[in-house]
Structures are given as structure tokens and as C-alpha cells.
Asker: 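Please read through the structure below; I'll follow up with questions.
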Amino acid sequence: MARLDGRVALITGAADGIGLASAQLFVEEGSRVVMADIDDDRGGAAARDLGRQAAYVHADVTREADIKAALDLAVRDFGGLDCLMSNAGGAGVFAPIQDIPVEAFDRTVAQILRAAFIGIKYAAPLMKARGRGSIINMASVAGFRTGDSDHSYAVAKAGVIHLTRMAAMELGESNVRVNCISPGFVVTGAFQKAAGMTREAYALRLPQLTEHFTSFQPVPRACLPGDIARAALWLAGDESGFVNGANLIVDGGRSNGKAWTECLSDMGRIGTVLLG
Ligand SMILES: NC(=O)c1ccc[n+]([C@@H]2O[C@H](COP(=O)([O-])OP(=O)(O)OC[C@H]3O[C@@H](n4cnc5c(N)ncnc54)[C@H](O)[C@@H]3O)[C@@H](O)[C@H]2O)c1
């Protein structure tokens, strides 16, 4: 028996990257998946590739009505909702605070934090009525440490982590678990969009970027979308049945601080200063 047999999931931002890898893995593990995104071409094609287990819906997560309609579609076409993965997101404006337009800040918060709130708001009653559920919010190491992103993105992700904890304490009482995942750097199209590159130009530089990310954390390889999808699969399924309110950090150890070899070299430099 597959790990998500008979389950129904809604995944936002499912046309690409982590969301797409999660949709593919969830279907492989027996779930039916509603794939929500604003990239209708890629999302539609991906859902068609996955067959009858998947359906694509256009849903802009900055719009309350779109999120609600996507959840309603899961109930209407697939018979209920067991898992919501609020995953859609992207970088904000990378600039000093004085140069960030307020509207840009609002947009990032709406796409990341407000969308997670709306998802929980409408998924909770559906899951409570079923007597179980798993809500997975996509956070980031940028949500609890500085230096990994722009200001707006970081504070929106910090909000997602605390929203997760708050909601977990309420909904846990109804056997609805709420957790989040904090990836470090993952090789996805997010960097293509942030850099304003074409897909083609980005594809050419992908091997170099992947190699570059190898040195970002103690584990000596880059993080791939499948690494995060497998964490989401675990949170969606019964194996994590007693995990609630957690921030599952999937970053190869990056957010713990310096890797051992960096530490050794720092200590060596201190030794040189002291002893010559
Ligand atoms: N890639 C990383 O290094 C990384 C690290 C930490 C956290 N994350 C988080 O993981 C999540 C997925 O990112 P990714 O790296 O897979 O990015 P991605 O760009 O590959 O995929 C994001 C998807 O979200 C969709 N999307 C964007 N805005 C949307 C909206 N308003 N409504 C609906 N869909 C929308 C895009 O069309 C795209 O399909 C994001 O929340 C991101 O912040 C990514």
C-alpha cells in the first residue's frame, strides 16, 4: 500500500519546482492532487502528464476567492481534503529598506503569509469535518535567520513559521496537524525568476548554480526539489501523525552555523594571530 493511498491534496505553486516535485511524488504515493498555480501552461501540462489522479486549477494565492475555489474543487471533484500544501511563493524586492516600495512589500506578504493564512482558514473546517488533516506551509531558513533573502520575503516567512505554530495549537485539538518546512537553497526556477533570466539562459547556467550550491552547507551536494518533496510526503502521511507545530528544517545543516572545515580554518587564523 502506498503512503497516501486514497488521500486528496491541494498543492499551490504546483506548476514548477518544489510544488511540482511534491505533486508528482504525492501521486506516485497514491494521492489525488489538485495542482494550483498561475502558470496555466506548465501547470496544465504537468497535471495532464500525471493523469486522472491530478487536476490543474488556475489559482492566484493572493486572491482569497481563488484559494477557496481551489479547495472547493478538491472537495467536489475528489471527494474531500486531507492535505493542503501552501507552497506558492517567490522572492521580494532585494534592496535597502528605504528603497522597497510599500506596495512591493504588501505583494510579498500577500503571496506568502496572507496566502498561508487564507489556506488554513478555509481548509480547517473541511478537515475538522473529516476528523483529520495535514496542513503544510512552505517556510524558509530565511524566516528565522538573516542573510538568506530580501527583507520582505524573510519577514513573510517568519510569519509563516509562527502562523504554523499558532494554528497547530488550535487545530491539533481537532486532529488537524499544521507544520511547515524550511528549506535552505534549493535548485529551482525561483532563481531564474529572481535574476530576471529567460528559462533558456537559466538552463545553460544550471550546472554552475548546482555546483555552487554544493558548498552552501555541510552535506556536500545541492538540495533538489525532491529533497523537499520527500519531507512534505512525510508530513502529509501517517508516519508523522504525532508531529504538530513543527518547523522541519531541510537545509543540509546550513542554518546551524559554520561547517567544520570553516570552523577549523577560523580557529587556525586565530592561532596565527596569537602565535604568529
Ligand atoms: N528554491 C529555494 O531555494 C527555496 C528556499 C526556501 C523556500 N522556498 C520556498 O519554496 C516554495 C516554492 O518555491 P520554488 O523554489 O519551487 O519556486 P518556483 O519558482 O520553482 O515555483 C514557484 C511556483 O509558484 C507559482 N506562483 C508564484 N506566484 C503565485 C501565485 N500568486 N499564485 C499561485 N502560484 C504562484 C509559480 O508560477 C511557480 O510555479 C516558495 O514558497 C519558496 O519561497 C524555496
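Hydrogens, waters and symmetry mates play no part in the numbers below; they use all other heavy atoms, side chains included.
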Asker: To check you understand the geometry: which heavy-atom pair defines the closest contact between Val187 and Phe213, and what is its length?
Answerer: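 Looks like CG2-CD1, 3.7 Å.
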Asker: If you measure from CG on Asn256 to CD1 on Ile249, what distance do you get to the nearest 0.5 Å?
Answerer: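 The CD1 atom of Ile249 is 7.0 Å from CG of Asn256, to the nearest 0.5 Å.
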Asker: To the closest 0.5 Å, what do you measure between CZ (Arg7) and SG (Cys83)?
Answerer: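 Output value for this atom pair is 9.5 Å.
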Asker: Should the ring pair Phe185 and Phe191 be called parallel, tilted or perpendicular, given that the plane angle runs from 0 to 90° and is split at 30 and 60?
Answerer: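 The arrangement is parallel - the two ring planes meet at less than 30°.
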Asker: Can you find a pair of side-chain heavy atoms, one from Tyr122 and one from Glu64, that are under 4.5 Å apart?
Answerer: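 Answer yes - side chains close enough.
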Asker: Would you tabulate the side-chain donor-acceptor contacts of residues 90-118 under 3.5 Å, counting partners in other chains and residues two or more places apart, or write 'none'?
Answerer:
unit_1 : atom_1 : unit_2 : atom_2 : d
Thr108 : OG1    : Ala104 : O      : 3.2
Gln111 : OE1    : Gly90  : N      : 3.3
Arg114 : NH1    : Thr62  : O      : 3.0

Asker: Does Leu4 belong to the same Ile/Leu/Val/Met/Phe/Trp/Tyr cluster as Leu81, with side-chain heavy atoms less than 4.5 Å apart forming each link?
Answerer: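 No; Leu81 is not reachable from Leu4 via cluster members.
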Asker: Nearest 0.5 Å, please: how far is CZ in Phe144 from NE2 in His162?
Answerer: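 Going from NE2 on His162 over to CZ on Phe144, the span is 15.5 Å.
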Asker: Treating Ile, Leu, Val, Met, Phe, Trp and Tyr as nodes and any side-chain heavy-atom pair under 4.5 angstrom as an edge, say whether Ile136 and Leu163 lie in one connected cluster.
Answerer: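 Per the 4.5 Å side-chain linkage, Ile136 and Leu163 are not co-clustered.
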Asker: Specify the closest pair of heavy atoms between Ala70 and Val57, including all atoms of both residues, with the distance to one decimal.
Answerer: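 Residues Ala70 and Val57, closest heavy atoms: CB-CG1, 3.9 Å.
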Asker: Which atoms form the tightest heavy-atom contact between Val141 and Ser182, and what is the distance?
Answerer: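 Looking at all heavy atoms of both residues, the shortest contact is N-CB, 3.8 Å.
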Asker: Within the distance-only criterion (no hydrogens, no angle test), does the side chain of Asn137 pair as donor or acceptor with the backbone N or O of Cys180 below 3.5 angstrom?
Answerer: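 Checking the backbone N and O of Cys180 against the side chain of Asn137, no donor-acceptor pair under 3.5 Å is found.
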Asker: If we ignore hydrogens and angles and just use 3.5 Å, is the side chain of Asp82 paired with the main-chain N or O of Val8 as donor and acceptor?
Answerer: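 Yes, the answer is positive, given that a donor and an acceptor are paired below the 3.5 Å cut-off.
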Asker: Tell me whether Asp266 is salt-bridged to Lys258, with the criterion being a basic N under 4.0 Å from an acidic carboxylate O.
Answerer: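 Between Lys258 and Asp266 there is a salt bridge, with a charged N closer than 4.0 Å to a carboxylate O.
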Asker: Taking a hydrophobic cluster as the set of Ile, Leu, Val, Met, Phe, Trp and Tyr residues connected by side-chain heavy atoms closer than 4.5 Å, whether directly or through intermediates, do Val75 and Val33 fall within one such cluster?
Answerer: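 In one cluster with Val75: Val33, no.
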Asker: Which atom pairs, one a donor and one an acceptor, fall under 3.5 Å between side chains of residues 151-158 and the rest of the protein, sequence neighbours left out?
Answerer:
unit_1 : atom_1 : unit_2 : atom_2 : d
Lys157 : NZ     : Met138 : O      : 2.9

Asker: Search all heavy atoms of Asn244 against all heavy atoms of Val176 and return the closest pair with its distance.
Answerer: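 Closest pair (atom of Asn244, atom of Val176, distance): OD1-O, 4.2 Å.
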Asker: Between Arg132 and Asp238, is there a side-chain N and carboxylate O pair less than 4.0 Å apart?
Answerer: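 Salt bridge: no.
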Asker: Of all heavy-atom pairs between Ser31 and Gln53, which one has the smallest distance, and what is that distance?
Answerer: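 In this case the closest contact between Ser31 and Gln53 is O-NE2, 3.0 Å.
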Asker: Atom CD of Gln192 and atom CD of Glu200: how far apart are they, to the nearest 0.5 Å?
Answerer: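 Reported to 0.5 Å precision, the distance equals 8.5 Å.
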Asker: Rounded to the nearest 0.5 Å, what's the gap from OG1 on Thr146 to CG on Asp148? Could you check?
Answerer: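 Rounded to the nearest 0.5 Å, the OG1-CG separation comes out at 8.0 Å.
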Asker: Table please: side-chain donor-acceptor pairs of residues 10-22 below 3.5 Å, with sequence neighbours left out.
Answerer:
unit_1 : atom_1 : unit_2 : atom_2 : d
Thr12  : OG1    : Asn87  : N      : 2.8
Thr12  : OG1    : Ala88  : N      : 3.0
Asp16  : OD2    : Lys193 : NZ     : 3.4
Asp16  : OD2    : Arg199 : NH2    : 2.8
Ser22  : OG     : Ile18  : O      : 2.7

Asker: Please find the pair of heavy atoms, one from Tyr202 and one from Gly189, that lie closest to each other, and give the distance.
Answerer: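 Shortest heavy-atom separation between Tyr202 and Gly189 comes out as CE2-CA, 4.0 Å.
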Asker: Please round to the nearest 0.5 Å and tell me the distance separating atom CG of Leu209 and atom OG1 of Thr214.
Answerer: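 One finds 9.5 Å between CG of Leu209 and OG1 of Thr214.
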Asker: Under 4.5 Å between side-chain heavy atoms, hopping through other hydrophobics if needed: is there a path connecting Ile228 to Trp234?
Answerer: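 Yes, one cluster joins them.
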Asker: If two hydrophobic side chains count as joined below 4.5 Å and joins carry through other members, does Leu235 share a cluster with Ile135?
Answerer: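 No.
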Asker: Can you check whether Ala2's main-chain N or O pairs, donor with acceptor, with Glu29's side chain at less than 3.5 Å?
Answerer: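 Not a single qualifying donor-acceptor pair exists.
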Asker: Side-chain contact, heavy-atom cut-off 4.5 Å: Met127 with Leu171?
Answerer: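 No, too far: nothing below the 4.5 Å cut-off.
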Asker: Without swapping roles, check the side chain of Arg254 against the backbone of Phe216 for a donor-acceptor pair under 3.5 Å.
Answerer: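 Checking the backbone N and O of Phe216 against the side chain of Arg254, a donor-acceptor pair under 3.5 Å is found.
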Asker: Crowded around Gln208 CD? As in, over 12 foreign heavy atoms under 6.0 Å?
Answerer: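 Counting other residues, nucleotides and ligands, CD of Gln208 exceeds 12 neighbours.
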Asker: Look at the side chain of Gln217 and the backbone N and O of Arg221, then say whether any donor-acceptor pair between them is shorter than 3.5 Å.
Answerer: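 Such a contact is found between Gln217 side chain and Arg221 backbone.
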Asker: State plainly whether the residues Arg145 and Asp251 are in salt-bridge range, i.e. N to O under 4.0 Å.
Answerer: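 Judged by the 4.0 Å cut-off on N to carboxylate O distance, Arg145 and Asp251 do not form a salt bridge.
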Asker: If you measure only the distance, is there a donor-acceptor pair under 3.5 Å linking the side chains of Asp37 and Tyr56?
Answerer: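 The answer is no; no qualifying pair exists.
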